[in-house]
Amino acid sequence: MIVCIAEKPSVARDIAEVLGARNRKEGYIEGNGYQVTWTFGHLCTLKEPHEYTPSWKAWSLSSLPMIPPRFGIKLINDPGIEKQFHIIEGLMQQADEIINCGDAGQEGELIQRWVMQKAGAHCPVKRLWISSLTEEAIREGFASLKDQSEFQPLYEAGLSRAIGDWVLGMNATRLYTLKYGQSRQVLSIGRVQTPTLALIVKRQQEIENFKPEPYWELKTVYRETTFNSTKGKFSSKEEGEKFLETVKNSDFTVTDVSAKKGTEAPPRLFDLTSLQVECNKKFSYSADMTLQLIQSLYEKKVATYPRVDTTFLSDDIYPKCPNILAGLKDYAGFTAPLAGKKLLKSKKVFDNSKVTDHHAIIPTGVQPQGLTDMEKRVFDLIARRFIAVFYPDCKFSTTTVLGEVDKVEFKATGKQILEPGWRVIFAKEQQEETKENEEERVLPLFTIGESGPHTPDLTEKWTQPPKPYTEATLLRAMETAGKLVDNDELRDALKENGIGRPSTRAAIIETLFKRHYIRKERKNLIATPQEWN
């Protein structure tokens, strides 16, 4: 008998259906030579300190650091988990072969390996590695099962991370609690949570210590267009007023008009972090809420595996794209122009070297049914991004107009869309962005040498403190090791040095909320004051 083990009951049911296993038993589904069972996420965890050395049960500085000579695992203390584990254990003891059908990622690998170890499995093990839960993907996955040994480095990476978390968390939490905790207060320290909290605290200190300073900007309005002085900001009002007096009594003259054509590629496909950022900006969804929604879309077979850190697709996805587009029936107005044509294949989208375990989050082509309003919003973002990458680049013209008043120079910049290309898919939100962005405005037609009256103005402004983190900006900072970077290429370069993993960042932020280390004020994340000895 072949035993398949999935990460949750719903996934096990999908797999059993494809394999022809229909006979439901307690804790598994049987049929056609298969027994398909499941975990509920983690069934096992690393042992507690006192389970290695009884004297470690008492918290004392003299016992630190606690480093067991060999780490061990145990079942999580829960009656439901214990019952399901004993069912799995019985199946595995009798199995001729096991197929690990856990989530195809580091955490999924660790969850199932620990269960197999605890159950004493000794038969050959194969690995199912898929990026979506559609029937086609499951069939393809079972047709090309891999040997478990190919994923040994992934398991070791997950194990190392778990051990690292244990060593730092157990020791540092006890150290800080014993030294600084008050009235039995536990001060939780974590490998990822503490640097993340430090980012928020540091930003808060920068805001609190910020001393605003005044500056002045000289602008003038000519033909209903605002021109900025090329002198930039004036640090003293007197200097600004001197220039204002200079330009008050002379006409504005256009000295140069230049137009530069450019192209703008479609936005990148989503990885988990960029999807969480977008949902926080647009809908104020928390990172954790977005992860739950995209996980649900994955389990409803309409989106691909969500816990990914790449915005690229592998070349083998390209031939499947026409069918995926055809499945997006609600977007027929956008997909119809692409039907029957050879799809664009950009290196900014398809690049095998940028894809490891999984590709970017895309639709599967399965028609969505029974989605909640929140799920519909997330799916809409994913679907539009996917369609957009097959549209032509947006072509635009950037116009720069230079002017002069009595040798004082001014400048205005505007953008004119020549061919919208992919922008038609985001027409509504592009209009909203255009209203906010001065660079996007379309300038009237100016000619060199024209001149006329203008309305100059000197405006007093104050330097602004850094903005508090929102979940969107905190996720970006975690991804790029504290550097706020919007540029896609720079973000990619910094990803290797980020704090946490895409799949765990939402949970880390939630942990900080649960431990009352941070709170939310509107969208802003604020560190809460703590009492110290």
Side-chain angles (χ1 to χ4, degrees), residues 192-219 226 228-241 243-244 273-274 276-288 290 411 413 432-441 457-488 490-491 493-495 497-500 505-506 508-513 515-532:
V192 180
Q193 93 176 16
T194 303
T196 304
L197 179 60
L199 286 175
I200 299 168
V201 171
K202 182 168 180 268
R203 175 58 55 85
Q204 210 157 306
Q205 288 172 336
E206 287 170 357
I207 294 167
E208 286 167 3
N209 297 328
F210 185 81
K211 292 183 172 54
E213 294 178 356
Y215 65 93
W216 288 263
E217 284 185 344
L218 179 62
K219 298 188 178 192
T226 301
N228 298 302
S229 165
T230 58
K231 290 274 181 197
K233 300 170 183 175
F234 298 103
S235 54
S236 76
K237 189 177 182 181
E238 293 72 29
E239 188 186 11
E241 284 178 337
F243 277 93
L244 179 63
T273 303
S274 58
Q276 287 169 319
V277 167
E278 194 75 358
C279 287
N280 187 252
K281 282 181 180 172
K282 280 196 165 61
F283 316 126
S284 298
Y285 295 169
S286 71
D288 190 54
T290 299
K411 177 181 174 181
T413 307
E432 288 166 13
E433 281 176 27
T434 301
K435 285 174 194 168
E436 294 170 17
N437 191 347
E438 229 178 54
E439 291 278 314
E440 298 278 304
R441 63 190 172 170
D457 180 47
L458 185 70
T459 311
E460 181 184 13
K461 293 191 174 181
W462 289 80
T463 54
Q464 295 297 309
K467 289 182 178 174
Y469 280 115
T470 63
E471 284 204 38
T473 56
L474 181 63
L475 284 165
R476 278 282 180 251
M478 290 172 79
E479 183 185 52
T480 55
K483 296 179 173 65
L484 285 181
V485 179
D486 285 325
N487 179 282
D488 285 329
L490 285 177
R491 265 179 40 229
L494 283 163
K495 270 184 182 179
N497 302 307
I499 300 169
R505 287 179 190 133
I508 292 296
I509 296 170
E510 288 304 305
T511 298
L512 292 174
F513 280 124
R515 292 189 171 140
H516 305 292
Y517 287 176
I518 62 172
R519 67 178 191 277
K520 200 177 276 189
E521 289 183 6
R522 295 188 300 276
K523 272 190 171 187
N524 298 334
L525 303 180
I526 308 297
T528 53
Q530 297 284 329
E531 294 295 324
W532 301 92

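In this chain, numbering begins with 1 at the start of the sequence shown.
Judged by a 6.0 Å distance limit and a 45° cone about the ring axis, Lys461 is not positioned over the six-membered ring of Tyr215.
The shortest side-chain heavy-atom distance between Tyr469 and Asn524 does not fall under the 4.5 Å cut-off. Side-chain contact between Phe283 and Thr290 is absent, with no heavy atoms from C-beta onward closer than 4.5 Å. At least one side-chain heavy atom of Glu217 sits under 4.5 Å from a side-chain heavy atom of Lys219. Residues Tyr517 and Ile200 have side chains not in contact (no heavy-atom distance under 4.5 Å, counting atoms from C-beta outward). At least one side-chain heavy atom of Ile207 sits less than 4.5 Å from a side-chain heavy atom of Pro468. For the pair Glu241/Leu458, a side-chain contact is recorded, criterion being any heavy-atom separation below 4.5 Å from C-beta on. Contact check for Phe243 versus Leu218: side-chain heavy atoms found under the 4.5 Å cut-off. With contacts defined as side-chain heavy-atom distances shorter than 4.5 Å, the pair Lys411/Asn228 does not qualify.
Summarising the geometry, atom CG belonging to Leu244 is positioned 13.5 Å from atom CH2 belonging to Trp216; distances are rounded to the nearest 0.5 Å. Summarising the geometry, atom CG belonging to Leu525 is positioned 11.0 Å from atom CG belonging to Leu199; distances are rounded to the nearest 0.5 Å. Between Ile508 atom CD1 and Leu197 atom CG the span is 11.0 Å, to the nearest 0.5 Å.
A side-chain donor from one of Asp457 and Thr459 sits under 3.5 Å from a side-chain acceptor of the other.
Between Phe234 and Ser229, the shortest heavy-atom contact is CZ-OG, 4.5 Å. For the pair Pro466 and Phe210, the tightest heavy-atom approach, listed with the atom from each and the gap, is CD-CD1, 4.3 Å.
With Thr196 contributing its side chain and Val192 its backbone, the two residues share a donor-acceptor pair below 3.5 Å. A donor-acceptor pair under 3.5 Å is formed between the side chain of Gln464 and the backbone N or O of Trp462. Using a distance-only test at 3.5 Å, with no hydrogens or angles considered, no donor-acceptor pair links the side chain of Arg203 to the main chain of Ile526. When atom types are taken as modelled, the side chain of Asn280 and the backbone of Gln276 share no donor-acceptor pair closer than 3.5 angstrom.
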TODO: Given salt bridge (charged side-chain N to carboxylate O under 4.0 Å, His left out), test Arg476 with Glu479 step by step and report yes or no.
DONE: CA-CA 5 Å; Arg476 278 282 180 251; Glu479 183 185 52; 3.0 Å; yes

TODO: Any chance you could lay out the side chain to side chain donor-acceptor pair (under 3.5 Å) test for Arg515 and Gln193, step after step, and finish with the verdict?
DONE: CA-CA 11 Å; Arg515 292 189 171 140; Gln193 93 176 16; 2.7 Å; yes

TODO: Evaluate the criterion side-chain contact (heavy atoms from CB on, under 4.5 Å) for residue pair Ile518 and Thr528; output intermediate values, then yes/no.
DONE: CA-CA 5 Å; Ile518 62 172; Thr528 53; 5.7 Å; no

Open item on the list: Go through it in stages, so that I can follow the logic: the residues are Leu475 and Thr470, the test is side-chain contact (heavy atoms from CB on, under 4.5 Å), and I'd like the CA-CA distance, side-chain angles, deciding distance and then a yes or no.
Closed with: CA-CA 8 Å; Leu475 284 165; Thr470 63; over 6 Å; no

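Between Glu213 and Lys211, none of the side-chain N atoms (NZ, or NE/NH1/NH2) sits under 4.0 Å from a carboxylate O, so this pair counts as no salt bridge.
Residue Lys523 qualifies as enclosed at atom NZ: its count of foreign heavy atoms under 6.0 Å is above 12.
Every side chain to side chain contact (heavy atoms under 4.5 Å, CB included) that Ser286 has, sequence neighbours left out, goes to Asp288, Met289, Glu471, Glu510, Lys520.
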